[in-house]
2 protein chains.
Amino acid sequence: MAGRPREFDRDKALEKARDAFWTRGYEGTSMADLVSALGIASARIYAAFGSKEDLFREAVGLYEANEGGFATRAFAGETTARRAIERMLREAVETYTQPGRPQGCMVVSAATNCAIENDRVQEWLAEHRRTRTLSIVERLNEAVRDGELRPDTNAAALGDYYATLMHGLSVQARDGVPKKRLHDLITVAMQALDARLAGVPEFQHHFAKQP
Amino acid sequence: MAGRPREFDRDKALEKARDAFWTRGYEGTSMADLVSALGIASARIYAAFGSKEDLFREAVGLYEANEGGFATRAFAGETTARRAIERMLREAVETYTQPGRPQGCMVVSAATNCAIENDRVQEWLAEHRRTRTLSIVERLNEAVRDGELRPDTNAAALGDYYATLMHGLSVQARDGVPKKRLHDLITVAMQALDARLAGVPEFQHHFAKQP
DNA sequence: CTAATTCTTTGTTGATCGATAAAGAATAAA
DNA sequence: TTTATTCTTTATCGATCAACAAAGAATTAG
């Protein structure tokens with residue numbers, strides 16, 4: 001063991017790689033781009049991270065453990081589904097529109113138009129999105145079981161609805177739609193959940209589960 | 001003028017190019033891919049279409065004139081905003097999930113993670129999305145002026161909301177979410193508009209414009 | 001010290017990228 | 001027919017792609 005110690009900070013390098021991939025995506029970021037972003041020769045990148053694909057996967061992991069962890073954080077930190085969903089959406093918007101930072105969601109935008117040889121990477125991110133959708137549905141199902149939401153609530157449709165909206169938020173943020181407009185549309189979107197809360201009888205006939 | 005007549009069908013070739021770009025995106029589709037998809041040598045592609053970028057722009061134009069024209073069609077073909085918005089969303093889902101066809105929206109997914117040298121292409125598609133968002137907002141503003149929607153309706157937020165949802169639908173469709181689930185979440189989303197329709201007094205206090 | 005190990009530097013690999021040059025083939029105008 | 005024009009074929013261009021080989025440099029273990 002031992003040997004010559006690494007001269008650069010691996011964690012700092014990974015952060016720079018995450019930002020590069022977040023901004024330009026997997027294929028949009030070349031090894032030459034990474035060399036100049038990390039400030040180290042390509043051979044050193046390969047020695048430290050394995051391959052471009054390995055580096056990307058590790059960079060996405062870092063993203064999800066921090067900026068991209070709004071869903072996990074919201075579900076862990078809020079006691080009601082109503083507050084968790086809203087917090088998730090509003091934290092997503094904050095993350096997607098941070099000034100001086102890459103815009104949008106790395107998981108949504110980093111690998112959507114890949115060449116056939118990078119299909120595995122694209123599919124890997126798609127699986128992350130599907131898992132996130134599932135976790136939202138599951139939280140809403142829990143809310144129905146808990147009695148927070150009416151028993152006839154279609155939690156699957158409601159969860160798909162919020163997941164779809166969140167993925168759309170990433171597109172809009174990347175297109176430069178200002179933060180305030182995104183927050184305003186979230187306000188509109190929260191009404192679907194409010195209408196399903198137990199104890200709001202006048203809405204019941206309008207928002208009943210589809211047959 | 002005149003000269004040797006072209007031996008291949010330019011329109012058919014453009015359709016094949018549109019499908020290739022729709023499936024794999026601008027950068028994900030190489031000239032070699034186009035050569036095999038169109039069945040003609042690269043020099044003939046350049047003679048007929050100029051460059052890869054010119055071909056892509058023409059392919060997007062074809063997409064928008066047909067499959068991707070659901071928004072324009074809905075606004076032209078429906079007399080109420082309520083029906084226009086729903087038709088736009090449901091036709092979008094049909095387009096995004098057509099069996100045996102490229103999934104999702106070409107305008108949303110064909111150029112989201114591009115290298116810096118293709119920024120113009122990426123920005124060009126973003127401009128298309130912003131224009132589409134604007135057209136939705138404008139239709140809702142019209143509905144407020146017409147009295148279809150309550151005068152205190154925040155048409156900008158409502159339009160952003162439906163544009164965001166539509167862009168999210170493309171992500172979900174690409175991820176393989178089945179058509180039925182997408183239609184079900186649209187049903188949830190239509191309630192935001194229903195709640196703003198004139199003549200539904202009991203909703204007024206819940207869906208009032210933000211201060 | 002020596003030997004083993006790991007990192008850094010430098011230069012380069014073969015493959016693929018988008019794009020085109022050059023020459024031959026097929027048409028219309030004169 | 002001659003000439004001009006346009007398309008097709010073939011072969012390739014220089015640039016860039018991700019990845020690595022080889023040798024030198026710096027450390028620890030023994």
Side-chain angles (χ1 to χ4, degrees), chain A residues 1-14 16-18 20-21 23-60 110-111 113-122 124, chain B residues 1-14 16-18 20-21 23-60 110-111 113-122 124:
Chain A
M1 333 227 142
R4 178 173 182 171
R6 183 176 287 126
E7 290 181 358
F8 66 95
D9 187 325
R10 193 182 186 279
D11 294 337
K12 291 250 170 68
L14 184 58
K16 290 173 184 170
R18 176 205 55 200
F21 282 131
T23 304
R24 292 262 149 224
Y26 178 63
E27 287 188 346
T29 307
S30 68
M31 280 308 300
D33 293 334
L34 290 168
V35 165
S36 75
L38 310 204
I40 55 177
S42 74
R44 302 171 75 179
I45 299 178
Y46 280 92
F49 297 102
S51 67
K52 184 189 174 186
E53 183 176 337
D54 290 338
L55 174 57
F56 176 75
R57 294 175 118 105
E58 216 175 312
V60 170
N113 50 291
C114 285
I116 184 85
E117 61 263 29
N118 293 317
D119 233 357
R120 292 189 351 273
V121 174
Q122 193 166 324
W124 182 69
Chain B
M1 334 227 139
R4 180 173 179 172
R6 181 177 289 125
E7 288 180 359
F8 66 95
D9 186 325
R10 192 182 187 281
D11 294 338
K12 291 250 170 67
L14 184 59
K16 290 173 184 170
R18 176 205 55 199
F21 282 130
T23 303
R24 292 262 149 226
Y26 178 63
E27 286 188 345
T29 307
S30 68
M31 281 307 301
D33 292 335
L34 290 168
V35 165
S36 75
L38 310 203
I40 54 178
S42 72
R44 302 172 75 180
I45 299 178
Y46 281 91
F49 297 102
S51 67
K52 185 189 174 187
E53 181 174 337
D54 290 337
L55 174 57
F56 176 74
R57 295 176 118 105
E58 215 174 314
V60 171
N113 49 292
C114 285
I116 185 85
E117 60 262 29
N118 293 317
D119 234 358
R120 292 188 351 275
V121 174
Q122 193 165 324
W124 183 69

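Reminder, nothing fancy here: chain letters follow the sequence lines and each chain counts from 1.
Computed from coordinates, the Arg4(B) CZ to dA29(C) C1' distance equals 19 Å when rounded to whole Å. Distance Arg6(B) CZ to dT5(D) C1': 14 Å, rounded to the nearest Å. Rounded to an integer number of Å, the gap from Asn118(A) CG to dC17(C) P is 11 Å. Between the P atom of dT6(C) and the CZ atom of Arg10(A) lies a distance of 15 Å, rounded to the nearest Å. To the nearest angstrom, C1' of dG24(C) lies 13 Å from CD of Glu7(B). Rounding to whole angstrom units, CZ of residue Arg44(B) and P of dC7(D) are separated by 11 Å. Across the protein-nucleic acid pair, Phe56(B) atom CZ and dA19(C) atom P stand 14 Å apart, rounded to whole Å. Atom CZ of Phe49(B) and atom P of dG18(C) are 16 Å apart (whole Å).
Glu117(B) CD to Glu53(B) CD: the interatomic distance, rounded to the nearest 0.5 Å, is 11.0 Å. Put simply, CG on Leu55(B) and OH on Tyr26(B) are 9.0 Å apart, with the number rounded to the nearest 0.5 Å. The CD1 atom of Ile40(A) lies 10.0 Å from the CZ atom of Arg10(A); values are rounded to the nearest 0.5 Å. Note that the CG atom of Leu14(A) and the CG atom of Leu38(A) stand 9.0 Å from one another [nearest 0.5 Å].
Evaluation of the salt bridge (charged side-chain N to carboxylate O under 4.0 Å, His left out) rule for Arg44(A) yields no partner, not counting sequence neighbours. Residues meeting the salt bridge (charged side-chain N to carboxylate O under 4.0 Å, His left out) test with Asp119(A), sequence neighbours left out: Arg24(B). Applying the salt bridge (charged side-chain N to carboxylate O under 4.0 Å, His left out) test to Asp11(B) and every residue at least two apart in sequence or in another chain returns nothing.
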Would you please test Arg57(B) and Val60(B) for side chain to side chain contact (heavy atoms under 4.5 Å, CB included) and show each step? CA-CA 5 Å; Arg57(B) 295 176 118 105; Val60(B) 171; 5.8 Å; no
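Summarising the geometry of Phe56(A) relative to Val121(A), their closest heavy-atom pair is CE2-CG1, 3.5 Å, with the distance given to 0.1 Å. Residues Ala17(B) and Ala59(B) come closest through the heavy atom pair C-CB, 4.4 Å.
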Can you give one letter per nucleotide of nucleotides 17-23 of chain D, 5' to 3': B if a protein heavy atom sits under 4.0 Å from the base, S if only from the sugar-phosphate, - if neither? SSBBB--
Pairs: protein N or O with nucleotides 13-15 of chain C N or O, under 3.5 Å:
none

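With axes fitted over five pairs at each extremity, the angle between the ends of the helix from dC1(C)-dG30(D) to dA30(C)-dT1(D) is 0° (10° resolution).
A heavy-atom distance below 4.5 Å is found between the side chains of Phe21(A) and Lys52(A).
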